[in-house]
Number of protein chains: 2
Amino acid sequence: MKVTREEVFRLHAQICKALADPSRLLIIVELRHGSRTVSELSRAIGAAQPLTSRHLGILREKGVVRAERDGTFVRYSLSDRRILGAIDLLLDVLASQLARQGLRSSAARRLRPALRSA
Amino acid sequence: MKVTREEVFRLHAQICKALADPSRLLIIVELRHGSRTVSELSRAIGAAQPLTSRHLGILREKGVVRAERDGTFVRYSLSDRRILGAIDLLLDVLASQLARQGLRSSAARRLRPALRSA
DNA sequence: TATGGATATGCGGATACAGGCATGTCCTGG
DNA sequence: CCAGGACATGCCTGTATCCGCATATCCATA
């Protein structure tokens, strides 16, 4: 099975696109601490169940998240912890940007932990 | 200056969105080794100049890239090396996915260095 | 200041995505 | 087998994005 250079970039962009939505980032942050059912995530991100399901479908399709059935529930979990590393790095980049723009730097430095515990 | 939690997630998603395009990833990879002019990047990614300029505008707007004038040229460079770390992590995630799907694992393991030198 | 190279932007059509609503599917307990 | 809870999906509308083309802007030099 061969994968062309262009295909790799296309897939790489697909993964980035999966992360490129506030609700989906919220989902990922929520999954940091363990697996969650759809209704739990729905409540956590404050979105309707069908919408949450759709976002999870996108994340699942791009391999960011994994689903497993548990009775009538479906439990979702992160399929690769390195994704957390990536979004944390980008969050750090954002913090630097905000700091440069005049946000109190103490607040900027606290950005990541604040979101983690959320 | 205060930044709400929702605003942070929106901005975070904006940065991800800036990375969520094959041409823009190509640009970033090309900038890994130093600054480049628009026409250099245009040739490197095989896109028309106006399109390249547009992609650069998006990257600049989201703070991924920085521009500085140099005569009639404009030299672009990465504004934060941590972005490379983030996309490398995601590339590793992709490599694992492909490996799991039956790509020869040796090829998968070589994915990142192959793209780096490109 | 006029010209030409380098870069940016306005416009338009095609495509893709977000979100709301209704409905379908899957599973368990009775 | 039936009912109901948990989840997924089809349809629709508005909005954003991609890309090509033409054109505008900026800058150095003559």
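Note that the coordinates shown come from a computational prediction; the quantities given were computed from them, not determined experimentally. So you know, we letter chains A, B, ... as the sequences are listed, proteins then strands, and number each from 1.
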Which residue pairs pass the salt bridge (charged side-chain N to carboxylate O under 4.0 Å, His left out) test with at least one member in residues 33-42 of chain A, sequence neighbours excluded?
Glu30(A)-Arg36(A)
Nearest-Å distance for atom pair CG/C1', residues Leu56(B) and dC18(D)
15 Å
OP1 or OP2 of dA8(D) less than 4.0 angstrom from a side-chain nitrogen or oxygen of Tyr76(A), does that happen here?
yes
From Leu25(B) CG over to Cys16(A) SG, what is the distance, rounded to the nearest 0.5 angstrom?
5.0 Å
Keeping His55(B) on the side-chain end and Asp21(B) on the backbone end, is there a donor-acceptor pair under 3.5 Å?
no
Thinking salt bridges, do Asp88(B) and Arg32(B) make one under a 4.0 Å N-O criterion?
yes
Nearest whole angstrom, please: distance from the P of dA8(D) to the CD of Glu68(A).
13 Å
Take Asp70(B) and Thr37(B) through the side chain to side chain contact (heavy atoms under 4.5 Å, CB included) test and state the conclusion after the steps.
CA-CA 9 Å; Asp70(B) 175 18; Thr37(B) 69; 6.0 Å; no
Considering every strand and a 4.0 Å limit on heavy-atom distances, what is the contact class for Leu41(B): base, sugar-phosphate, or nothing?
nothing
What is the distance, to the nearest angstrom, from the NZ atom on Lys62(A) to the P atom on dA16(C)?
12 Å
Just checking, any donor-acceptor pair under 3.5 angstrom between side chains of Arg66(B) and Ser79(B)?
no
Between dT9(D), dT9(C), dA8(D), which nucleotide gets closest to the side-chain atoms of Val74(A)?
dA8(D)
With a 4.0 Å heavy-atom cut-off, tell me which residues in residues 13-21 of chain B come close to DNA chain D, sorted by residue number.
Lys17(B), Asp21(B)
Residue mapping more 5' on DNA chain C - nearest nucleotide basis, Leu51(A) or Arg60(B):
Arg60(B)
Nearest whole angstrom, please: distance from the P of dC18(D) to the CG of Leu26(B).
14 Å
Categorize Ser53(B) for me: base, sugar-phosphate, or nothing, with a 4.0 angstrom heavy-atom threshold over every strand shown.
base
Describe the nucleic acid contact of Thr37(B) in one word from base, sugar-phosphate, nothing, applying a heavy-atom distance below 4.0 Å.
sugar-phosphate
To the nearest Å, how far apart are Glu40(A) CD and dG5(D) P?
18 Å
Under 3.5 Å, is there a donor-acceptor pair between the side chain of Ser96(B) and the main chain of Asp92(B)?
yes
Does dC18(D) have its OP1 or OP2 closer than 4.0 Å to a side-chain nitrogen or oxygen of Ser23(B)?
no
Show your reasoning for whether side chain to side chain contact (heavy atoms under 4.5 Å, CB included) applies to Leu84(B) and Val29(B).
CA-CA 8 Å; Leu84(B) 292 174; Val29(B) 166; over 6 Å; no
Check whether any side-chain N or O of His55(B) sits under 4.0 Å from OP1 or OP2 of dC18(D), and answer yes or no.
no
Rounded to whole angstroms, how far apart are CZ on Arg75(A) and P on dA8(D)?
13 Å
Which part of the nucleic acid does Arg24(B) contact within heavy-atom distance under 4.0 Å: base, sugar-phosphate only, or nothing?
sugar-phosphate
Lys62(A) and Ile58(A): CA distance, side-chain angles, deciding distance, side chain to side chain contact (heavy atoms under 4.5 Å, CB included) verdict:
CA-CA 6 Å; Lys62(A) 309 294 170 56; Ile58(A) 292 170; 4.2 Å; yes
Test item: Leu11(A) and Leu98(B) side chains (from C-beta on) under 4.5 Å apart, heavy atoms
yes
Atom CD1 of Ile58(B) and atom P of dT7(C) are separated, to the nearest Å, by 18 Å
In whole Å, what is the span from the CD atom of Gln49(A) to the C1' atom of dC21(C)?
12 Å
Which letter, B, S or -, goes with each nucleotide of nucleotides 24-30 of chain C from 5' to 3', with contact meaning a protein heavy atom under 4.0 Å?
---BS--
